[in-house]
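A short write-up of the structure that comes next.
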There are 2 protein chains.
Amino acid sequence: MSDVYRALGDSTRRFILNMLKEGDLTQKEIVAAFDISQPAIKKHLNILMEENIISEKIQGKYRVYSLNKGKLQLAYNEMLQYIADLLDNKLESLKNYVEKGESRDDQG
Amino acid sequence: MSDVYRALGDSTRRFILNMLKEGDLTQKEIVAAFDISQPAIKKHLNILMEENIISEKIQGKYRVYSLNKGKLQLAYNEMLQYIADLLDNKLESLKNYVEKGESRDDQG
DNA sequence: ATTATATATAACCAAAAGGTTATATGAATA
DNA sequence: TATTCATATAACCTTTTGGTTATATATAAT
């Protein structure tokens, strides 16, 4: 299992991902959304890129960042599989659980 | 949001959870499974207990740890929900994905 | 060509995380 | 009772993490 936990383990990074959900953004735009410095944001972006959760495209003097949804989906599946195995869960009920937050037929 | 990312963000702790899936274990047994010291393991156990992902039962001189499956499921649900929101995920396709490991229709 | 803008990078810092050893304590056993 | 075993805890160390400021570089605009 890749270390998506690390990448998602920081609230600034989670917020960056939330921003990128709405659409691609330049580094400048991302920096502007926070109270921390450009190098600090850059480090977060680097971490997200190391985990392949976002990717970077050079556009002149800009760096445009976008969500790597394929990778996120893989991460999602890995985690879902992991928890399903761990709990001997029926994927069906887990699916409901995530989607609706309901039907906790606790088969622990 | 509780700090599940922190609790699950360490591979030693995830391994401990895997061990506890098989059944309750004493601290001694858990320590024996790793190359790190008893106090180090104890710290990991404390973190997992702080997040209520495991619980401890005193049995004489032993501490018996058990997985709190309901809470673990909640923790994973939280993370899965976060990623699902990022992806606007249809969980139907994910079901296939996990079950058959196929159909990577990269919708990046 | 000069200046301004966007980003990259180096050097540094404080706090947190994960580990250690040494030792105390409480329960079981010889 | 003395000893051993399982665990707890204190003190400490190193590395990582998340941040800083200062400065370099590359592109864009004057």
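In what follows, every chain begins at residue 1, and chains take the letters A, B, ... in the order their sequences are listed. Worth knowing before you read on, the calculation uses all heavy atoms, side chains too, and leaves out hydrogens, waters and symmetry mates.
- The distance between atom NZ of Lys57(B) and atom C1' of dA6(D), rounded to the nearest whole Å, is 17 Å.
- For Asn68(B) (side chain) and Ser55(B) (main-chain N/O), no donor-acceptor pair under 3.5 Å exists by modelled atom type.
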### Task
Assign a letter to each nucleotide of nucleotides 23-30 of chain D from its 5' end: B, base within under 4.0 Å of a protein heavy atom; S, sugar-phosphate only; -, no contact.
----BS--
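- Among the atoms of the strands shown, only primed sugar atoms or phosphate atoms (P, OP1, OP2) are found under 4.0 Å from some heavy atom of Glu56(A).
- A straight line from CD of Glu50(A) to P of dT16(D) spans 13 Å, rounded to a whole angstrom.
- Look at CG on Leu25(B): it is 15 Å from C1' on dA6(D), rounded to the nearest Å.
- Identified under the salt bridge (Lys or Arg N to Asp or Glu O under 4.0 Å) test for residues 40-50 of chain B, with sequence neighbours left out: Arg6(B)-Glu50(B).
- Rounding to the nearest 0.5 angstrom, the gap separating the CE atom in Met19(A) from the CG atom in Leu25(A) is 5.0 Å.
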List, one per line, each side-chain donor-acceptor pair under 3.5 Å for residues 33-40 of chain A, sequence neighbours excluded.
residue	atom	partner	partner atom	Å
Ser37(A)	OG	Ala40(A)	N	3.3
Gln38(A)	NE2	Gln27(A)	OE1	3.0

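- Put simply, CZ on Arg63(B) is 18 Å from P on dC5(D), counting in whole angstrom units.
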Give me, pair by pair, the N or O atoms of the protein and of nucleotides 17-19 of chain C that are less than 3.5 Å apart, along with how far apart they are.
residue	atom	partner	partner atom	Å
dG18(C)	OP1	Asp10(B)	OD2	3.2
dG18(C)	OP2	Arg13(B)	NH1	3.4
dG19(C)	OP2	His44(B)	NE2	2.3
dG19(C)	N7	Lys43(B)	NZ	3.2
dG19(C)	O6	Lys43(B)	NZ	2.3

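- Side-chain proximity of Pro39(A) to dA8(D), dA22(D), dT21(C): nearest is dA22(D).
- A ring pair (Phe, Tyr, Trp, His ring centres under 6.0 Å) check over residues 52-75 of chain A, counting only residues at least two apart or in different chains, returns nothing.
- Put simply, CZ on Phe34(A) is 13 Å from C1' on dG18(D), counting in whole angstrom units.
- Remark: Leu17(A) pairs with Leu8(A), Leu48(A), Ile53(A), Ile54(A), Leu67(A), Tyr82(B), Leu86(B) by the side chain to side chain contact (heavy atoms under 4.5 Å, CB included) rule, at least two apart or across chains.
- Residues satisfying the side-chain hydrogen bond (donor to acceptor under 3.5 Å, both in side chains) test with Lys21(A), not counting sequence neighbours, are Asp88(B).
- Atom NZ in Lys42(A) sits about 15 Å away from atom C1' in dG18(D), given to the nearest Å.
- Residues satisfying the side-chain hydrogen bond (donor to acceptor under 3.5 Å, both in side chains) criterion with Thr26(A), sequence neighbours excluded, are Glu29(A).
- For Arg13(A), the side-chain hydrogen bond (donor to acceptor under 3.5 Å, both in side chains) partners are His44(A), not counting sequence neighbours.
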